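Here the structure is laid out as structure tokens; the discussion comes afterwards.
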Amino acid sequence: MEVQVKTFQELSTTELYQILRLRSEVFVVEQDCVYQDMDNKDQKALHVIGSKNGTVVAYTRIFKPGDYFDNASIGRVVVAEDQRKFGLGKVIMKASIQAVEQRFPQSPIEISAQSYLLKFYSDLGFSAFGAEYLEDGIPHTRMVKK
């Protein structure tokens, strides 16, 4: 998988379409969660795009400190269903962590993790804090990597 980090302005229309399609396939259809994915935050974010043969198969978005949480953050972590068996979630998260550490080296990284993925994120160095909460009807837990 090839990984690139781009600003919103650097995304091609094809990349943007594929990103939004992938997020919709997983977060809206697969997880049966009706919510507004296009939240006018993509324009501020850095986009970490994992592609195979010109198709987006993994993705995250990154925010600088203060744009989403007080700390830098990673969100909208997604891997295409037919690609999950290849460990691409860890690959895209490691690339995202590296991108945050390069751009915002003084900031911890904060995430809002779906609670069933706590072990996945713990294995990447994140620690849970605070009480579990519902976000769009799905249990989430805040986590931080210092």
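All values derive from a computational prediction rather than experimental measurement. Heavy-atom basis, side chains included; hydrogens, waters and symmetry copies ignored.
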Given the rule that I, L, V, M, F, W and Y join up when any side-chain heavy atoms are under 4.5 Å apart, are [X] and [Y] in one cluster?
X: Y116; Y: V28; result: no
X: V5; Y: V78; result: no
X: I62; Y: I19; result: no
X: V26; Y: L88; result: no

Atom pair [atom1]/[atom2] of [X] and [Y] - distance to nearest 0.5 Å:
X: K146; Y: N71; atom1: NZ; atom2: CG; result: 8.5 Å
X: S115; Y: Y121; atom1: OG; atom2: OH; result: 11.0 Å
X: Q18; Y: T13; atom1: CD; atom2: OG1; result: 10.0 Å
X: I111; Y: L117; atom1: CD1; atom2: CG; result: 9.0 Å
X: C33; Y: I138; atom1: SG; atom2: CD1; result: 4.0 Å
X: T14; Y: R21; atom1: OG1; atom2: CZ; result: 12.5 Å

Open item on the list: Taking salt bridge (charged side-chain N to carboxylate O under 4.0 Å, His left out) as the definition, give me every residue that meets it alongside K6, ordered by chain and number, with sequence neighbours left out.
Closed with: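 Testing K6 for salt bridge (charged side-chain N to carboxylate O under 4.0 Å, His left out), a comparison that skips the adjacent residues, returns E15.
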
Open item on the list: For Y17, give me all partners under side-chain hydrogen bond (donor to acceptor under 3.5 Å, both in side chains), at least two apart in sequence or on another chain.
Closed with: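 side-chain hydrogen bond (donor to acceptor under 3.5 Å, both in side chains) check on Y17 returns nothing, list empty.
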
TODO: Step by step, work out the side chain to side chain contact (heavy atoms under 4.5 Å, CB included) result for L20 and M38.
DONE: CA-CA 8 Å; L20 294 174; M38 290 175 275; 3.8 Å; yes

Task: Distance-only polar pair, side chains of Q4 and E10, donor-acceptor under 3.5 Å - done: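 There is no such pair (donor and acceptor under 3.5 Å, judged by atom type) between the side chains of Q4 and E10.
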
Task: Residues E30, E81; criterion side chain to side chain contact (heavy atoms under 4.5 Å, CB included); working and verdict - done: CA-CA 9 Å; E30 181 183 328; E81 186 175 25; 4.0 Å; yes

Task: Candidate pair Y35 and E135, rule side chain to side chain contact (heavy atoms under 4.5 Å, CB included), full reasoning - done: CA-CA 10 Å; Y35 80 109; E135 185 175 310; over 6 Å; no

TODO: Please lay out, stage by stage, how S112 and Y68 fare under the test side chain to side chain donor-acceptor pair (under 3.5 Å).
DONE: CA-CA 11 Å; S112 177; Y68 198 85; over 6 Å; no

Show me the side-chain donor-acceptor pairs of residues 90-103 shorter than 3.5 Å, one per line, residues at least two apart or across chains.
unit_1, atom_1, unit_2, atom_2, d
S96, OG, T60, OG1, 2.6
S96, OG, I92, O, 2.7

TODO: Can you run down the salt bridge (Lys or Arg N to Asp or Glu O under 4.0 Å) pairs that involve residues 104-117, sequence neighbours left out, and say none if there aren't any?
DONE: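 Qualifying pairs: E110-R142.
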
Open item on the list: Looking at D67 and R61, is there a salt bridge between them, counting it only when a charged N and a carboxylate O are closer than 4.0 Å?
Closed with: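 A salt bridge is absent here (no side-chain N lies under 4.0 Å from a carboxylate O).
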
Open item on the list: Can you tell me if Q43 has over 12 outside heavy atoms packed within less than 6.0 Å of its CD?
Closed with: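 Yes, CD of Q43 has more than 12 neighbouring heavy atoms, counting only those of other groups under 6.0 Å.
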
TODO: For atom CZ of R84, decide whether the heavy atoms of other residues, nucleotides or ligands shown that lie under 6.0 angstrom number more than 12.
DONE: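 Yes, the 6.0 Å shell around CZ holds more than 12 heavy atoms from other groups.
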
Which atom pairs, donor and acceptor, lie under 3.5 Å between side-chain atoms of residues 123-131 and protein residues at least two apart or in another chain?
unit_1, atom_1, unit_2, atom_2, d
D123, OD1, K119, NZ, 3.3
D123, OD2, K119, NZ, 2.9

Open item on the list: Less than 4.5 Å apart, side chain to side chain, heavy atoms only: is that true for P139 and L134?
Closed with: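 Sidechains of L134 and P139: in contact.
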
Open item on the list: Under the side chain to side chain contact (heavy atoms under 4.5 Å, CB included) test against M143, which residue among I109, I74, L118 passes?
Closed with: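 Filter result, single survivor: L118.
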
Compile the donor-acceptor pairs under 3.5 Å between side chains in residues 44-57 and protein atoms, sequence neighbours left out, one pair per line.
unit_1, atom_1, unit_2, atom_2, d
H47, ND1, Y59, OH, 2.6
H47, NE2, D42, O, 2.9
K52, NZ, Q83, OE1, 2.7

Open item on the list: So which atom in P108 and which in V144 form the shortest heavy-atom distance, rounded to 0.1 Å?
Closed with: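 Minimum heavy-atom contact is CB-CG2, 3.8 Å.
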
- [ ] Write down the atom of S107, the atom of A72, and the distance for their closest heavy-atom approach.
- [x]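 Distance-wise, the nearest heavy atoms are OG-N, 2.8 Å.
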
